[in-house]
Amino acid sequence: MAAPEQDEINEPASNMELKTFQANFRTLSQEEGIEEDTQQNPLKIICVGDYTGGVRTRGIFIKDYLGIKPTVRCHPFTCIDFYLKKVEWQKLGHSSRNLIVVQLCDIAEMERFSAMTKVFFKHSQGAMVFWGPHNPSSLAGALQWRRKIREDISLPIPCVLVTDNVTDSCSSSINWIGPGKIFESELALDQFCKDHNFENHFEITARDWVSGEKSVFGQAVNCLLDGILQSEKKEEQSCV
């Protein structure tokens with residue numbers, strides 16, 4: 001792959017994200033059999049969690065998912081960053097495919113202690129809660145974030161637990177499941193997720209911006225979309 005031009009590297013990340021969003025829109029909307037759901041508001045997914053000990057920021061995973069390269073760290077001191085992506089989706093009970101807009105909101109870890117979280121969580125329809133075995137205390141933080149979501153959002157929303165087990169090239173991922181480790185077994189992890197109302201668990205062990213929606217982050221987003229759109233269908237049926 002050719003190296004990016006210098007102007008591209010220096011270009012503001014917000015402009016790069018907008019171009020990525022526009023490119024996704026143009027590419028997908030030209031495919032046959034896909035309908036644009038232009039009347040639908042963006043589906044808001046919040047990304048929260050304490051310091052994981054893995055990558056510096058969850059925004060890196062989001063940019064990998066969006067296919068933004070090189071990775072540019074923007075707004076390092078802001079409490080919340082927004083990203084948009086058009087996703088091809090087939091709703092349950094529908095034969096046609098639709099393009100839906102997903103809004104990913106990366107909320108800084110210190111905001112768990114802020115009175116503003118209720119404002120940031122407003123209109124959220126799904127949540128990704130991060131922790132990392134490199135910083136085991138972040139698992140307790142994940143539970144506190146999960147509790148915060150329950151308290152601040154009036155309606156229950158689907159949540160997934162995401163493990164950031166990414167390391168640099170000089171070390172290997174941590175084995176955190178097994179006798180004497182953070183979880184004794186996969187069954188213990190499954191029970192933990194069930195006890196705390198996480199829809200599923202996803203572990204990210206490497207950065208893979210090429211995979212996009214097929215990446216682990218993308219799979220977590222798809223899991224949330226399943227939960228969100230199933231809830232919408234139940235609401236529609238209850239109103240009939």
Side-chain angles (χ1 to χ4, degrees), residues 14 17-18 20-21 24-25 28 37 40-50 52 55 57-68 74-75 78-92 98-109 111-112 116-131 141-142 144-164 193 196-204 209 211-235:
S14 58
E17 289 156 13
L18 179 60
T20 301
F21 171 69
N24 287 337
F25 177 85
L28 290 174
D37 196 351
Q40 180 172 299
N41 292 324
L43 298 179
K44 181 178 177 181
I45 294 175
I46 53 176
C47 302
V48 299
D50 288 353
T52 62
V55 298
T57 169
R58 290 178 296 276
I60 288 180
F61 292 133
I62 296 174
K63 289 173 183 175
D64 287 348
Y65 171 61
L66 295 175
I68 298 174
C74 63
H75 314 304
T78 58
C79 55
I80 182 169
D81 286 323
F82 296 92
Y83 305 83
L84 291 173
K85 182 175 176 65
K86 276 251 181 179
V87 177
E88 179 187 337
W89 199 260
Q90 183 171 344
K91 294 183 181 181
L92 293 174
N98 294 78
L99 289 176
I100 59 177
V101 180
V102 176
Q103 182 187 65
L104 296 164
C105 304
D106 182 17
I107 300 174
E109 59 199 60
E111 291 306 315
R112 176 162 58 88
M116 291 293 290
T117 51
K118 193 166 187 176
V119 176
F120 297 149
F121 288 175
K122 191 174 183 181
H123 304 308
S124 297
Q125 293 162 284
M128 303 174 71
V129 184
F130 286 74
W131 78 286
Q144 291 171 331
W145 275 107
R146 184 69 185 94
R147 192 175 305 116
K148 230 358 185 173
I149 291 169
R150 283 198 191 117
E151 292 172 354
D152 292 349
I153 300 178
S154 56
L155 296 174
I157 64 172
C159 297
V160 296
L161 182 67
V162 182
T163 301
D164 172 9
C193 291
H196 298 286
N197 293 318
F198 288 107
E199 298 278 321
N200 208 336
H201 165 262
F202 299 88
E203 181 181 9
I204 302 177
W209 70 273
S211 295
E213 293 177 31
K214 295 181 181 178
S215 66
V216 176
F217 187 96
Q219 293 171 32
V221 172
N222 289 342
C223 178
L224 288 175
L225 291 179
D226 270 332
I228 293 168
L229 297 175
Q230 283 178 13
S231 298
E232 286 187 352
K233 185 177 181 181
K234 289 178 182 177
E235 290 177 6

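The main-chain N or O of K214 is never found under 3.5 Å from a side-chain atom of S211 such that the two would form a donor-acceptor pair. Using modelled atom types, one side-chain atom of Q125 and one backbone atom of K44 make a donor-acceptor pair closer than 3.5 Å. Panel note: side chain R58, backbone M128; no donor-acceptor pair is recorded below 3.5 Å. In terms of modelled atom types and a separation under 3.5 Å, the side chain of R146 and the main chain of H196 share a donor-acceptor contact.
N197 has its side chain within reach of R150: a pair of non-hydrogen atoms, C-beta onward, lies under 4.5 Å apart. Side-chain contact check for V221 versus L224: every heavy-atom pair is 4.5 Å or farther apart. In this structure, the side chains of F217 and L104 come closer than 4.5 Å at one or more pairs of heavy atoms.
When all heavy atoms are compared, the tightest approach of P42 to Q103 is CB-CB, 4.0 Å. For the residue pair F202 and C223, the shortest heavy atom distance occurs at CZ-CB, 3.7 Å.
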Side-chain donor-acceptor contacts of residues 155-162 below 3.5 Å, not counting sequence neighbours, with atom names and distances?
none

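Remark: F130 CZ to F61 CZ distance equals 6.5 Å, nearest 0.5 Å.
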Quick one: do I107 and F121 satisfy side-chain contact (heavy atoms from CB on, under 4.5 Å)? Show the steps, please. CA-CA 9 Å; I107 300 174; F121 288 175; 3.7 Å; yes

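The ring-ring contact (aromatic ring centres under 6.0 Å, His included) search around H123 returns none, not counting sequence neighbours.
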